[in-house]
Amino acid sequence: MCGIYGCISENASVQVLEGLRKLEYRGYDSAGLAAIFSDNNDPIETERTTGYVSDLVLKANGRFDGAKISIGHTRWATHGGVTDHNAHPHSSEDGKITLVHNGIIENSANLSNKISKLGYALSSETDTEVIVHLLDHELKTQSDGKSHLDAFCNVISQLEGSWAIAAMATGLDGILISRKGAPLVIGRGQGNISVSSDVQPFYGACSEVAYMKDGDNFLLTSSGISSQIDLEIPEFEVLEGIYDEEDPGNFPHMMLKEIHDQPTSLSNALSGRISSDGLGAELSGLELSIEQIMKLDRINLVACGTAYYASEIICSYIRRLTQVRAEAFIASEFPAKSVCSPNTLTIGVSQSGETKDTLDALFKAKKFGSHISSFCNVIGSTMSRLTGNGAYLHAGPEYAVASTKVFTNMVAVGLLFALTISDIKQSEKKKIIHELRKLPNIISSQLIDMDDSISDAAEMINSSEPPIFIGRGALSSFTAKEGALKMMEISYIPCLALPGGELKHGPIALISDGSPVIAIAPSDSHLSMMESSIRECKSRGAKIILVTDNEGPISDLADIILQTNHTHPELSPFVNAIPIQLLAYQVGIRNGVNVDRPRNLAKSVTVV
Ligand code: AGP
């Protein structure tokens, strides 16, 4: 989603363009840049364009080189179409103030009435432009002795909604920044001070980071951060972690590379979290002790999209391996009031740790007294800082918009959590842990052994007959849902996913000659029921793509078999995830989709 990068240094715009490039993975549809070169009172130089950062670089054509202060933006459209005019930065009529914004200004309609009465006209359809005119008005009318920061804070106090804002003005030796409900972090390096939507662009440019809080309004100058007197300034701390460049290596796309990363990412998720005797899991980092968790009234998991499907699988583990009640919720639908109390725990599950819906659900949970925690991939993200405890997913950076390796790492960390608090028989636990340890190797051989069957299955799928994904039991039916989401995201083909038993209650009406049905059928207690569901489809003309490790009679029903490796039934989501990810990838490629950057989607969804 929108990305902001700002910098004060000897060659600020070069750093901003590089920063924007490193924020590209968040997803965007247009980009823009602004720069100040000297102390004189000239209008601020700006450029903006639909398309990619590379288009912006071409359009800028070196014009911004040597700028001392610069801000840039990648826009993911919410208010107004994808046009140059709606791209950020937005500038005052005289061009002496300009700003970029991430988030949504909910009272923009009221504010635009206000500014039109003051004689300002909007030149875009965005909810952002009002802010720059309000700032212009404030600066022109505020009393002597007031600063740019005072004017900025007055404008910010009129806004409702969520935002990260960076603004510049001629005559101001810095960048005004504000955060509420959208991420913004400050970095400091040799000869530069920078601001960014996330820490990724800081690697290589900054050695220290300072995390802004909601409600922070600052002026950033080459000498540091300043605020109005009553506001605490965040301390700089060492920038931890390493930057993994968005480089697919020998793979044609990041998504395919990330699918193939899974043996390593799973191994990282498990590393140090299984006891040396192989009998227990040790997920440390949680605020509550195992005894406290076991006595909870309930555990809520809140998440969106892929993270939500992983959460449903995690809940199923918690329910089966422990006595604690657990339920997963789509974060934007979280009924906090009815499921949160002091004896509950609400866990946010997220790759980015910046998903606004999930953060809002955690805020609500906290408000109603629940303990909060997170399973999150990005170190230092808003979610991990908000909860202050939890478990990192350790999947490494995931750049492709369609989540793959993080899905399996979420399920792995969730399973470790369930095992940590589990009170099932030691012998049962040992069997799962024994197989869990082998999982990276099992996945590795599965990736190597996948044959032409994936291409054959991809060939069978076309947009005229929407694929239906089915499974039975939480592990397989939510893997089926993840399969359908993956395929929709990167092939643009409408897909349906449901528990096999539900077909006959309506959706079976969709099946006709040649309808592709992707059946997730591991060797578990649901296998014979799955066989019934598959027969119901087959007898109505469906073509069956069977995802299974089973070599029994069920395989006779298949038109194509996507063979998986055999493992403990509790681990079936891991082996089943691989073929459905590869299938979605291949269908996406056949449909000519930019699978790493599918249309309309953002990697980090920071609006509600
Ligand atoms: C996954 O393929 C999606 N792009 C999307 O559903 C994603 O999982 C969701 O937006 C949640 O993101 P998060 O994990 O960063 O919170």
Side-chain angles (χ1 to χ4, degrees), residues 1-3 23 25-28 76 182-183 197-198 200 253-256 258-259 262 265 301-314 328-334 346-362 373-384 386-387 390-411 413-414 469 478-479 481-492 495 497 577 580-585 587-588 593-608:
M1 206 145 270
C2 299
L23 290 172
Y25 78 97
R26 295 166 68 90
Y28 69 107
W76 187 82
S197 290
D198 65 45
Q200 293 283 13
H253 298 96
M254 285 305 293
M255 182 182 172
L256 192 58
E258 287 163 2
I259 292 172
Q262 284 173 105
S265 57
L301 273 80
V302 288
C304 309
T306 288
Y308 166 68
Y309 295 137
S311 298
E312 286 283 7
I313 293 172
I314 297 168
F329 296 91
I330 293 175
S332 56
E333 299 288 325
F334 184 49
T346 303
I347 305 174
V349 181
S350 175
Q351 186 286 129
S352 60
E354 303 294 349
T355 303
K356 179 96 173 70
D357 287 332
T358 311
L359 286 167
D360 284 354
L362 287 169
S373 186
S374 57
F375 297 160
C376 192
N377 197 40
V378 177
I379 295 171
S381 59
T382 305
M383 200 173 299
S384 62
L386 167 72
T387 56
Y392 281 118
L393 303 175
H394 296 312
E398 190 184 62
Y399 288 107
V401 163
S403 194
T404 52
K405 62 177 177 174
V406 166
F407 171 73
T408 40
N409 270 36
M410 282 171 175
V411 176
V413 168
F469 290 72
F478 285 104
T479 306
K481 286 190 191 263
E482 170 59 6
L485 175 70
K486 211 88 300 167
M487 192 167 296
M488 280 189 284
E489 280 186 294
I490 58 164
S491 70
Y492 310 153
C495 299
I580 60 161
Q581 292 169 351
L582 289 169
L583 181 60
Y585 172 79
V587 174
V593 174
N594 177 351
V595 291
D596 286 343
R597 303 262 177 280
R599 72 183 180 204
N600 303 339
L601 294 176
K603 185 69 183 160
S604 183
V605 184
T606 52
V607 294
V608 286

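We count residues from 1, following the sequence as given. Counting convention: from 1, in listed order, for ligands and their atoms alike.
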Any donor-acceptor N/O pair, Arg26 side chain to Cys2 backbone, under 3.5 Å | yes
Pair listing, salt bridge (charged side-chain N to carboxylate O under 4.0 Å, His left out) test, anchored in residues 593-606, at least two apart = Glu246-Arg597, Glu398-Lys603
Using a threshold of 4.0 angstrom between heavy atoms of the protein and any atom of ligand 1, which residues qualify?
-> Cys304, Gly305, Thr306, Ala307, Ser350, Gln351, Ser352, Thr355, Val401, Ala402, Ser403, Met410, Leu485, Lys486, Glu489, Val605
Verify the distance criterion only: is there a donor paired with an acceptor across the side chains of Ser403 and Gln351 at less than 3.5 Å?
-> no
Using modelled atom types only, decide if a donor and an acceptor are shared between the side chain of Lys405 and the backbone of Pro397 within a distance under 3.5 Å.
-> yes
State which residues pass side chain to side chain contact (heavy atoms under 4.5 Å, CB included) with Ala328; sequence neighbours excluded, sorted by chain then number.
-> Leu301, Tyr308, Ser311, Glu312, Cys315
Who passes salt bridge (Lys or Arg N to Asp or Glu O under 4.0 Å) against Glu489, sequence neighbours left out?
-> Lys486
